[in-house]
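Worksheet: one structure, shown below.
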Amino acid sequence: MAAEDAPAPKDPSNAAIAELLQELGDRYELDGAVVHRVLAYRNGAKAVLDAPRSVAGMTRAGTVTELPGIGKTLEEKFRALLDTGEIPALTKLREKYPAGLLTLTHLPGLGPKKARKLFDELGVDGPAALRAAIADDRVSTLAGFGTKTQEKYLKLLDAAGEDIERPQRVLLSKALPLAEALVDELRERGREAGVHRVEVAGSARRRADSVHDLDVIATADDAAALLEVFRTSELIAEVGSSGDNGAHGVLHSGLSVDLRVVAPDQFGNLLQHFTGSKAHNVAMRESAVKRGLHISEYGILDDETGKTERFATEEEVYARLGLPWIPPELRENRGELALDQAPPLIELADLRGDLHMHTTHSDGRASVRDMALAARELGHEYLCITDHSATHGFGDDVQPDELREIIAEVRAVDEELDGITVLAGSEVNIGTDGRLDYADDVLAELDWVVASIHTAFQSDPTRRIVAACEHPMVDVIAHPTGRLIGRRESYDLDVDAMIDAARRTGTFLEINASPARRDLHDTHARAARDAGVLLTIDSDAHGPDTLTNLRWGVATARRAWLAAADVANTRPWEELRRLRKGGR
DNA sequence: GCCGTTTTCGGCCCGACTGTTTTCAGTCG
């Protein structure tokens with residue numbers, strides 16, 4: 001094969017590029033760069049992660065500097081990465097400082113300055129060397145270090161064990177119910193403490209994919225009494241430090257919780273502050289400073305009057321800054337601070353049906369009838385049974401004959417049950433050749449066809465998904481990127497190409513509501529909507545209990561700025577069926 | 001390093017806590 005026929009090296013994903021920028025920021029910080037330069041790299045990493053399109057592609061097209069926080073220097077670094085496979089500045093910094101030094105900065109309380117000093121003065125190049133230096137009592141002799149610091153490091157090293165990792169994040173579906181249970185308890189048992197308001201703040205309130213801790217904000221007549229309720233809650237496994245207006249605890253799951261109790265007239269300021277995100281708050285403060293206003297968790301200081309104004313509600317905080325109240329899901333500094341009014345966002349109650357779920361015919365745990373009853377109980381107008389298809393593994397395959405039996409069963413249950421429409425569908429595998437694993441005449445008997453990739457992720461998913469979009473009977477592409485939050489990156493998919501194919505062919509794209517997927521994720525779902533593609537939100541339930549997954553899909557849809565009209569299954573089935581691509 | 005009702009240079013959010021210090025740097029959220 002001639003050299004020019006060799007397949008082009010794969011473009012680095014946005015996640016991979018963001019990781020490199022993050023590392024550049026960390027290493028420049030270690031190198032003693034001014035803090036704003038370091039921040040610029042971290043902002044760049046966020047911009048790349050938030051970008052709905054391929055940053056490698058944008059770099060080639062010369063449009064990458066349109067992203068906020070990406071300037072000429074970062075553009076050059078992307079070019080170098082694409083041309084040579086590496087960023088020279090990063091290569092140099094990697095030679096200059098050992099990786100173990102960055103690992104050390106993951107220890108809480110040991111930052112880049114301290115790590116650098118340990119390296120320069122004692123030659124400490126990682127956890128093992130730090131342990132040895134402590135054993136020789138050399139750390140406490142350094143200027144700026146003392147015996148307490150040395151003891152703290154030893155404890156941290158012992159606690160961390162062999163490998164020091166970044167703090168783990170917990171899926172929202174695990175964390176939010178725990179936060180809500182705690183809030184309920186504080187409201188109930190806090191009555192005697194004269195509790196006024198208790199709210200979840202932080203990334204859980206923003207409905208992020210995952211959270212690393214929980215923040216709860218409250219007001220009460222008797223703060224001390226409310227803190228006592230917190231400390232004695234059965235949800236709290238371990239009570240940490242605790243002061244007059246706040247307490248820290250650890251749940252049985254290991255998740256950290258901070259409770260802050262404030263005066264009622266500051267509740268809005270504190271809730272806003274602790275809801276974040278950091279990027280949202282920083283951007284909001286920067287723009288406020290230009291108008292002589294200084295925002296903190298305690299209030300808004302007006303330079304003209306010299307007075308700090310406190311607000312009981314978030315609405316008043318935003319109004320003082322000339323902004324509409326911004327729904328927490330939008331607070332990621334993705335354009336929400338330029339809004340004249342908040343966009344209408346979809347709510348769970350807007351969904352009329354659920355178009356992707358499994359039964360015992362494939363890998364589900366309940367029958368068609370039980371799924372239908374559970375869906376009716378939830379108030380759905382319709383549901384669609386979409387078991388796996390002919391090539392699905394693990395003994396969960398459904399051959400064409402069995403599919404016809406399922407269709408007959410679905411028709412019978414639909415006939416039997418009042419108050420809900422039961423539809424017959426399938427989640428059809430997209431093969432490596434881009435073809436589906438049922439013949440067209442079989443597919444033609446279905447009300448709804450879901451297509452997705454379950455195998456051979458490395459085998460050109462873009463071409464396969466585009467081919468599926470072009471199939472006249474495919475209604476929707478399910479969990480389009482294949483990611484599993486915190487566990488598996490998306491397969492190498494050209495999302496732009498998929499969105500374009502979906503728009504061109506009238507194929508819907510799914511926001512799979514399984515809490516470990518939430519796929520499409522927010523930025524991609526927003527890009528799809530902006531391109532004119534209709535989304536669906538589906539539970540992908542494998543039993544009656546997971547039909548309520550829709551909640552997490554709606555959370556993602558709201559983070560994608562979607563209104564009810566942007567989601568196909570907010571429509572009655574009779575209307576939705578007419579929206580399917582032509583020829584059906 | 002980015003960016004512009006401070007527009008090509010000079011700025012670039014806010015506050016708490018800790019431990020080491022004689023007034024503050026480093027770290028964190």
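We use all heavy atoms of the structure for the numbers below, so side chains are in, but hydrogens, waters and symmetry mates are not. By convention in this document, chain letters (A, B, ...) are assigned in the order of the sequence lines, proteins followed by strands, and residues within each chain are numbered from 1.
- The NE2 atom of His212(A) sits 8 Å away from the C1' atom of dG29(B) (whole-angstrom rounding).
- When each of Glu329(A), His521(A), Arg517(A), Arg518(A) is paired with Thr556(A), the side-chain hydrogen bond (donor to acceptor under 3.5 Å, both in side chains) condition holds for Arg518(A) and for no other.
- If you take NZ of Lys113(A) and P of dA25(B), they are 10 Å apart, rounded to a whole angstrom.
- Rounded to whole Å, the separation between the C1' atoms of dT5(B) and dG11(B) comes to 16 Å.
- A sub-4.0 Å separation between OP1 or OP2 of dC14(B) and a side-chain N or O of His273(A) is absent.
- Listed nucleotides dG1(B), dC13(B), dG15(B) differ in distance to Val289(A); the shortest reach to its side chain belongs to dC13(B).
- Taking the C1' atoms as reference points, dT8(B) lies 9 Å from dG4(B), given to the whole Å.
- Rounded to whole Å, atom C1' of dA25(B) lies 11 Å from atom NZ of Lys117(A).
- Between His294(A) and Glu75(A), the one whose closest nucleotide on DNA chain B sits nearer the 5' end is Glu75(A).
- In this structure, the side chain to side chain contact (heavy atoms under 4.5 Å, CB included) partners of Lys152(A), at least two apart in sequence or on a different chain, are Leu156(A).
- For Leu104(A) and dT27(B), the CG to C1' distance is 15 Å, given to the nearest whole Å.
- Distance from the side chain of Pro112(A) is smallest for dT27(B) among the nucleotides dT27(B), dG1(B), dC13(B).
- Under a 4.0 Å N-O distance rule, the pair Arg331(A)/Glu336(A) does not qualify as a salt bridge.
- With rounding to whole Å, Ile70(A) atom CD1 is found 7 Å from dC2(B) atom P.
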Show the distances under 3.5 angstrom between N or O atoms of the protein and N or O atoms of nucleotides 20-23 of chain B.
unit_1	atom_1	unit_2	atom_2	d
dT20(B)	OP1	Gly146(A)	N	2.8
dT20(B)	OP1	Gly146(A)	O	3.3
dT20(B)	OP1	Thr149(A)	N	3.1
dT20(B)	OP1	Thr149(A)	OG1	2.7

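- Between the NZ atom of Lys152(A) and the C1' atom of dT18(B) there is a distance of 7 Å, given to the nearest Å.
- In this structure, of dG15(B), dT27(B), dC2(B), it is dG15(B) that holds the atom nearest to the side chain of Glu297(A).
- Taking atom P on both dT20(B) and dC2(B), the two are 38 Å apart, rounded to the nearest angstrom.
- As judged by a 4.0 angstrom heavy-atom cut-off over every strand, Ile300(A) is placed among residues making no nucleic acid contact.
- The listed nucleotides are dC13(B), dT6(B), dG1(B); the one nearest the side chain of Glu286(A) is dC13(B).
- Using a cut-off of 4.0 Å between Lys/Arg side-chain N and Asp/Glu carboxylate O, Arg207(A) and Asp522(A) are scored as not salt-bridged.
- In this structure, the CD atom of Glu29(A) is 10 Å from the C1' atom of dG26(B), given to the nearest Å.
- A salt bridge links Asp209(A) with Arg483(A): at least one charged nitrogen is closer than 4.0 Å to a carboxylate oxygen.
- Ring orientation note: the planes of Tyr318(A) and His280(A) are tilted relative to one another, at an angle of 30° to 60°.
- In this structure, Leu74(A) reaches the sugar-phosphate backbone alone: every heavy-atom distance under 4.0 Å involves primed, P, OP1 or OP2 atoms, never a base.
- The shortest distance between the side-chain N/O atoms of Thr73(A) and the OP1/OP2 oxygens of dC2(B) is below 4.0 Å.
- Remark: Arg526(A) qualifies as a cation-pi partner of Trp561(A) under the 6.0 Å distance and 45° angle criteria applied to the six-membered ring.
- Scanning for ring-ring contact (aromatic ring centres under 6.0 Å, His included) contacts around Phe311(A) gives an empty result, with sequence neighbours left out.
- When the C1' atom is used for both dC12(B) and dT6(B), the distance is 12 Å, rounded to whole Å.
- Whole-Å rounding puts the Leu67(A) CG to dG1(B) P distance at 18 Å.
- Only the P atoms considered, dT18(B) is 25 Å distant from dC13(B), to the nearest whole Å.
- One finds a salt bridge joining Asp120(A) and Arg116(A) here, because a Lys/Arg side-chain nitrogen approaches an Asp/Glu carboxylate oxygen to under 4.0 Å.
- Checked against dT27(B), dG15(B), dC12(B), the side chain of Lys114(A) finds its nearest nucleotide in dT27(B).
- Within the structure, every side-chain polar atom (N or O) of Arg285(A) is placed at least 4.0 Å from both OP1 and OP2 of dC13(B).
- Side chain of Tyr298(A), nearest nucleotide from dG29(B), dC14(B), dG15(B): dG15(B).
- Comparing the same atom, P, in dG15(B) and in dG10(B) gives a spacing of 27 Å after rounding to whole Å.
- With a cut-off of 3.5 Å on both Watson-Crick or G-U wobble distances, the partner of dC24(B) is given as dG19(B).
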